[in-house]
There are 2 protein chains.
Amino acid sequence: MAPEAQGLDRAIAKLRARDIVSEEEEKVFVASVSDVVEIAAGRTIVRAGASLTHSTVLLDGFACRYKDLADGQRQIQEIHVAGDCMDLHGFLLKSLDHHVGALSGVRIALIPHEALREITENHPHLARLLWFATLLDASIQREHVLSVGRRSALARIAHLFCELHLRLQVAGESNGTTYRLPLTQTDIADASGLTAVHVNRMLKKLRDDDLLTFRGGEVVIHDRDRLERAAEFDPAYLHLERRPR
Amino acid sequence: MAPEAQGLDRAIAKLRARDIVSEEEEKVFVASVSDVVEIAAGRTIVRAGASLTHSTVLLDGFACRYKDLADGQRQIQEIHVAGDCMDLHGFLLKSLDHHVGALSGVRIALIPHEALREITENHPHLARLLWFATLLDASIQREHVLSVGRRSALARIAHLFCELHLRLQVAGESNGTTYRLPLTQTDIADASGLTAVHVNRMLKKLRDDDLLTFRGGEVVIHDRDRLERAAEFDPAYLHLERRPR
DNA sequence: CGACTATTTGACGCCAGTCAACACCGGTGG
DNA sequence: CCACCGGTGTTGACTGGCGTCAAATAGTCG
């Protein structure tokens, strides 16, 4: 592995939480990386509609998929954490229907579509694991539809923090009750379909109720049980069981 | 093809709208069907969490994926039309995180996971097409997040009707401006994250504005242009281009 | 015809949006 | 060292879109 590709182990860890990944498959995956680049916070990583030749793996930092409406409203569809294959979807869609943006400074690995195609031809099990990774995105997005469509503002935000906590734990980026999350309240609002002002009010309530504190890009969970109940959080949709796929 | 498997051609048509499907691939796909069953309106087709051995293709009728909250609120995450591979996701997830229900009477084909695995081992291009089909679901669900999170009630409903119109045209189930849609206003509400009462008000407004009429399970579009503008509908996310995948 | 479900409409209430003012903070330059 | 500045966070007053409740009407199936 090129030394700068460190962080790829997080992507492997994410898969290993769901199935066995052989040494050889790990090698094939790591070898498929053609390049590693850094991108500053706030920059666009992939623009909707652009013709794609590479997919990306988020090695470090936070990114998101999002769409805008004509009046300037933005909706974040999924927040990505280290280890996520962000636009593996682009491999077969050929162009993305949404933008991918850097929420913090990020480091990403590029994987040529040609290498992915190769994997589908010669490494069917690894191909199924990559397919699985895209299905996990879909599952996360479905839970997001539920949140935005039916949960109260408070529950939406609580749910988001629960989900990120668990996903970051899988990537090895959280000890028990704390994690870094360098997002603004506006980002949270764009993810949860609310306004920044109302997010602020709900964050205050979460603090006052002693459920969690989000300040200075850091989340501190005070009462995980009550937080999960407030969010009606059930981690089943993250499919955290190791099974043959 | 078993005669009762008619309707599978709609699934093939859906793929052929996006890439070339060879005669042999079609044969392999059709041969993978082990059974065809009918299910009455309102019944559950797959329950969340159940252990799965088959995936399903919707041959006829309308179905949906949905989740419920504890207080009884329901959120439909995607409406499926004839030709959709509904829980191809279950092939690799092994158990679904959501329910699949029949919105009308439906006919579905069952495909054993074993046959799908076989396809990933021996027919990589066909496997990529099936992967693509699941990515299309993800894309539709992302647009759904945008709708529910940011569009007004009127735009949400207008968008839903635009999307279904186009998807039904691909399946050969709509002439120019009309299509069958045997859903109740409550179903529309559950899909769009609104209440049935408010859906009713918005449908009245769509009628009064002469954009479309939805009555008796039939949609009549009066002014497609203005409807699309009201919905801010852009079909790019349906990826209707025939390209090598 | 009667029971049931779906649709329609009106009155009213509330959750979240809007608008606005102010505090905070790190960076920048005089 | 401090004035300034843009981005972010905080709070209050007010508004409005959509939810809630309720009752009447229209279909539908036995």
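Please read all numbers here as calculations on a predicted model, not as lab measurements. Computed from heavy atoms alone, side chains included, the values below leave out hydrogens, waters and symmetry copies.
Rounded to a whole Å, the CZ atom of B/Arg150 is 9 Å from the P atom of C/dT18. Distance CE (A/Met202) to P (D/dT11): 12 Å, rounded to an integer number of Å. Atom CZ in A/Arg207 sits roughly 9 Å away from atom C1' in D/dG9 (whole-Å rounding). Here the C1' atom of nucleotide C/dC24 and the CD atom of A/Gln185 are 13 Å apart, to the nearest Å. Regarding B/Asn200, its CG atom lies at a distance of 14 Å from the P atom of D/dA26, rounded to whole Å. With rounding to whole Å, A/His198 atom NE2 is found 6 Å from C/dG17 atom P. Rounded to whole Å, atom C1' of D/dT8 lies 13 Å from atom CD1 of A/Ile188. For the pair B/Leu103 CG and C/dT5 P, the interatomic distance rounds to 18 Å; values are reported in whole Å.
Ion pair A/Arg151/A/Glu143 flagged as a salt bridge, since at least one NZ, NE, NH1 or NH2 atom sits closer than 4.0 Å to an Asp/Glu carboxylate oxygen.
Along DNA chain C, the nucleotide nearest B/Thr186 and the nucleotide nearest B/Arg201 are compared for position; the residue whose nucleotide lies closer to the 5' end is B/Thr186. Taking for each of A/Ala196 and B/Arg156 the nucleotide of DNA chain D with the nearest heavy atom, the 5'-most of the two is the partner of A/Ala196.
Of the candidate nucleotides C/dT9, D/dT8, C/dA20, D/dT8 has the atom lying nearest to any side-chain atom of A/Thr184. Side-chain proximity of A/Val197 to D/dC18, C/dA20, C/dG10: nearest is C/dA20. Considering only the side chain of A/Leu194, C/dA16 comes nearest among C/dA16, C/dG10, D/dT11.
Using a 4.0 Å heavy-atom distance criterion, A/Gly42 is classed as making no nucleic acid contact. Residue contacts shown for B/Gly193 are limited to sugar-phosphate atoms, with no base heavy atom under 4.0 Å away.
A/Arg167 places a side-chain N or O within 3.5 Å of a backbone atom of A/Ile79 that can act as its donor or acceptor partner. Without hydrogens or angle criteria, B/Asp190 side chain to B/Ile76 main chain gives no donor-acceptor distance under 3.5 Å. With hydrogens and angles disregarded, no donor-acceptor distance shorter than 3.5 Å links the side chain of A/Thr134 to the backbone of A/His89.
Ring geometry, B/Tyr237 versus B/His159: the interplanar angle falls under 30°, so the pair is classed parallel (tilted spans 30 to 60°).
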